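What follows is a short report on a single structure.
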Amino acid sequence: MADECCGPERDRGEEPVPEPSRWWHVRDLQFAAVAAVLLGVALLVGDGLVGDGLGLASAAVGAATFVPGVLRGLARGRIGVGTLMTIAAIGAVALGQYTEAAMLGVLFSVAEGLEHHAVARTRRGLRALLDLVPSTASVLRGGAEVEIAPADLVVGDRLVLRPGERVATDGVIRAGRTSLDLSAITGESVPVEAGVGAVVHAGAINGGGAVEVEVTARAAESSLARIVHVVEQAQERKGVGQRLADRIARPLVPAIMVLAAVVAGIGSLLGDPAVWVERALVVLVAASPCALAISVPLTVVAAVGAASRHGALVKGGAALGELGRIGAIALDKTGTLTRNEPRVIEIIAVDGADVLATAAALEARSEHPLARAILAAADGARPATDVTAIPGHGLRGTRDGHAVRLGKPGWIAPGALSGEVDRLQAAGATVVLVERDDTLLGAIAIRDELRPEAPEVITRLHDLGLTTTMLTGDNTRTATALARSAGISTVHADLLPEAKAALITDLRPVAMVGDGVNDAPALATADVGIAMGAMGTDVAIETADIALMGTDLRHLPQVVTHARQARRIMLQNITLSLAIITVLIPIAALGTLGLASVVLIHELAEVLVILNAIRAARTTPLPAITPTCCGTC
């Protein structure tokens with residue numbers, strides 16, 4: 001929270017106070033309730049020794065929620081809104097206005113208590129992610145199965161995971177097959193099939209058979225723990241709106257004290273000093289910027305925490321604000337709009353040549369997605385020798401004493417297969433040509449199918465008024481066919497990573513959506529970089545402004561809508577806060593309103609800001625995916 005707001009402070013080294021789970025357990029609200037009862041009885045009793053005593057007691061109880069923190073702050077040379085409120089309360093008591101002092105204490109305590117409760121509720125929701133880790137874990141040690149605490153797990157342990165149990169930390173399945181429910185982490189309701197070699201993450205639920213999982217990370221270093229750590233850091237980062245509020249609030253506090261002193265000093269020369277001192281106290285309360293100081297930070301805390309519970313890591317107020325104002329979204333093709341599960345759909349051989357075997361020999365040690373598709377279709381191959389990658393073009397090497405090449409049309413001439421290449425590319429396939437000793441052996445068509453939700457997502461983005469663009473290194477025909485199926489009209493193909501980054505600068509303000517690794521230059525260049533499928537990927541989580549933990553593309557319009565709502569709330573809160581200060585200062589200086597009235601208006605405004613900020617925590621879970629034909633079926 002902003003320093004200018006005046007909640008109670010803890011000294012360094014002091015143990016943190018447990019956060020109450022219910023609003024009536026909040027200390028500030030409890031004190032406010034007691035002070036309100038005392039004030040109510042004082043008003044019923046009326047003027048007199050008893051009534052004044054009750055009013056003074058009410059003021060003391062209410063002030064107890066913020067005065068100690070103010071005194072600690074002053075000891076460190078810090079002043080804030082609480083300083084203004086303390087001066088106003090002391091001044092009111094000195095002038096015998098016990099009721100007004102009590103009302104200030106009650107209302108200010110209520111506002112502070114609601115603020116602390118709102119922040120605590122949001123952070124509890126975030127830390128609830130850590131509750132997804134079970135209290136015990138079954139592990140094989142010394143040939144026997146034992147129950148231990150997750151904190152005692154070490155890398156290399158073999159976890160036994162039964163149906164219905166949660167995974168205690170990250171690992172790899174070494175025995176068995178199952179389906180994993182990741183909905184609590186990624187926000188996606190569709191279970192993921194997983195077998196030997198599949199990566200599992202902390203918090204996932206085993207929905208199928210029993211499996212054995214080899215631990216790859218300690219519980220404190222799991223992907224789930226990293227998520228919570230990243231979001232807690234993000235909640236402290238300052239966005240443009242928050243910095244604006246800080247820039248206004250920081251000099252405003254001492255300026256208000258000077259203004260109040262000027263009002264009291266000049267007014268005392270012109271009239272009754274008691275009247276003008278009272279007006280100066282009213283000015284202190286009227287101009288205090290507590291609502292302004294909390295307007296953006298509280299919204300950011302609520303919005304970032306809510307997004308994390310639905311599978312989106314937002315790196316603080318800056319990313320949230322930028323995403324709320326973008327006008328365009330650029331999307332990578334492979335792994336973003338498509339499933340990133342390419343497969344060979346057709347092989348065309350010239351004169352019966354061994355096209356697939358030659359291609360597999362060149363791709364044998366490659367990690368490229370297209371290589372995996374070729375190797376899966378070939379079912380094993382002896383690697384070629386002297387293999388060299390030609391960036392943006394393909395591979396060359398030696399097989400059985402012959403020079404062989406594999407690459408995109410253009411680098412290798414399609415020759416007599418030009419018509420077939422055109423046909424396959426028009427159908428949305430990526431075509432690679434294979435050549436031996438400068439003689440064309442044939443062509444292999446590979447297609448990475450469009451995600452079933454992609455057309456729906458693009459339609460929703462257009463409905464939000466956003467323009468969409470596809471950026472891909474694939475050929476123009478294939479990219480255009482897939483873009484047309486998804487509903488994207490603007491396509492930039494045959495791009496190297498640097499070219500993607502260069503194009504991004506022409507689309508601003510823009511968000512770039514990619515895999516967080518291959519698209520790193522474009523993600524870094526965009527106003528907002530959004531990494532897809534970032535669960536467990538350190539690079540994506542660390543480099544992107546926003547990381548979508550799952551692979552359901554519908555999280556994209558969901559997080560954009562959420563960011564826009566949060567940005568609207570920030571602007572509403574800043575506008576309301578500044579309007580209240582602007583209107584109340586001259587009214588207070590002229591004596592039109594008394595201390596009680598100004599306190600009521602000021603604190604009601606703060607409560608409105610708090611309640612409005614809490615709305616940023618509202619999100620709508622995604623419904624189940626309804627498969628639709630994408631035109632490439």
Side-chain angles (χ1 to χ4, degrees), residues 197 332-335 337-450 472-482 493-497 515 517-518 632-633:
D332 176 47
K333 178 178 75 71
T334 305
L337 288 167
T338 64
R339 298 175 183 270
N340 200 22
E341 298 174 358
R343 59 186 180 86
V344 174
I345 61 170
E346 190 171 340
I347 301 171
I348 302 174
V350 176
D351 299 329
D354 55 346
V355 181
L356 187 59
T358 302
L362 283 166
E363 297 279 24
R365 292 189 172 91
S366 174
E367 293 296 325
H368 193 280
L370 297 185
R372 292 197 295 270
I374 291 173
L375 293 172
D379 194 23
R382 181 167 54 85
T385 57
D386 301 324
V387 176
T388 303
I390 311 301
H393 298 291
L395 301 170
R396 61 159 47 107
T398 303
R399 182 174 185 246
D400 298 331
H402 296 277
V404 290
R405 290 200 302 165
L406 174 149
K408 59 169 52 177
W411 189 54
I412 297 176
L417 298 182
S418 294
E420 293 296 323
V421 170
D422 290 344
R423 173 182 65 82
L424 292 167
Q425 289 180 343
T430 298
V431 179
V432 294
L433 299 173
V434 182
E435 184 182 79
R436 181 174 60 205
D437 293 333
D438 298 325
T439 300
L440 184 67
L441 296 183
I444 301 175
I446 303 167
R447 188 162 62 201
D448 186 6
E449 302 294 353
L450 200 66
T472 179
D474 211 340
N475 68 82
T476 302
R477 282 180 174 272
T478 299
T480 301
L482 280 168
D494 295 306
L495 298 176
L496 296 175
D515 60 14
V517 180
N518 297 330
T632 59
C633 305

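On a predicted model such as this, the values are computed, not experimentally measured, just so you know.
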Hey, does the side chain of T478 reach the backbone of A429 with a donor-acceptor pair shorter than 3.5 angstrom? yes
Check whether more than 12 heavy atoms from other residues, nucleotides or ligands sit under 6.0 Å from atom CG of D437, and answer yes or no. yes
One should read off an interatomic distance between R399 CZ and D354 CG, to the nearest 0.5 angstrom, of 5.0 Å
Look at E435 together with R405 and state whether they make a salt bridge at an N to O cut-off of under 4.0 Å. yes
Report the distance from atom CG of L424 to atom CD1 of I446, rounding to the nearest 0.5 Å. 11.0 Å
Can you tell me how far CG of D386 sits from CZ of R396, rounded to the nearest 0.5 angstrom? 11.5 Å
Considering all heavy atoms, the nearest V387-L395 contact: CG1-CD2, 4.3 Å
I'd like to check L482 versus T472 (side-chain heavy atoms, cut-off strictly below 4.5 Å). Are they in contact? no
Taking atom OG1 of T388 and atom CG of L362, what is their separation to the nearest 0.5 Å? 10.0 Å
Looking at A493, is its backbone amide N or carbonyl O close enough to the side chain of T476 to form a donor-acceptor pair, meaning the two atoms are under 3.5 Å apart? no
Should V434 and V404 be marked as a side-chain contact (heavy atoms from CB on, under 4.5 Å) after you check the CA-CA gap, both sets of side-chain angles, and the distance that decides it? CA-CA 7 Å; V434 182; V404 290; 5.9 Å; no
Tell me, with the steps shown, if R436 and D400 meet salt bridge (Lys or Arg N to Asp or Glu O under 4.0 Å). CA-CA 11 Å; R436 181 174 60 205; D400 298 331; over 6 Å; no
For the student: nearest non-hydrogen atoms of G415 and S418, plus distance: O-OG, 2.8 Å
Restricting to non-hydrogen atoms, name the atom on V350 and the atom on L440 that form the minimum distance, rounded to 0.1 Å. CB-O, 3.9 Å
Report the C-alpha distance between R343 and E449 in whole Å, list the side-chain angles of each, state the deciding distance to 0.1 Å, and finish with yes or no for salt bridge (Lys or Arg N to Asp or Glu O under 4.0 Å). CA-CA 9 Å; R343 59 186 180 86; E449 302 294 353; 3.7 Å; yes
Determine whether R477 and V431 make a side-chain contact, defined as any pair of heavy atoms from C-beta on separated by less than 4.5 Å. no
Taking all heavy atoms of L375 and all of E363, pick out the closest pair and write down the distance. CD1-O, 3.4 Å
Between G335 and D448, what is the shortest heavy-atom contact and its length? N-OD2, 4.1 Å
Shortest non-hydrogen contact between L441 and A353, atoms and distance: O-CB, 3.6 Å
List the steps, then state whether side-chain contact (heavy atoms from CB on, under 4.5 Å) holds for T334 with D474. CA-CA 9 Å; T334 305; D474 211 340; 5.6 Å; no
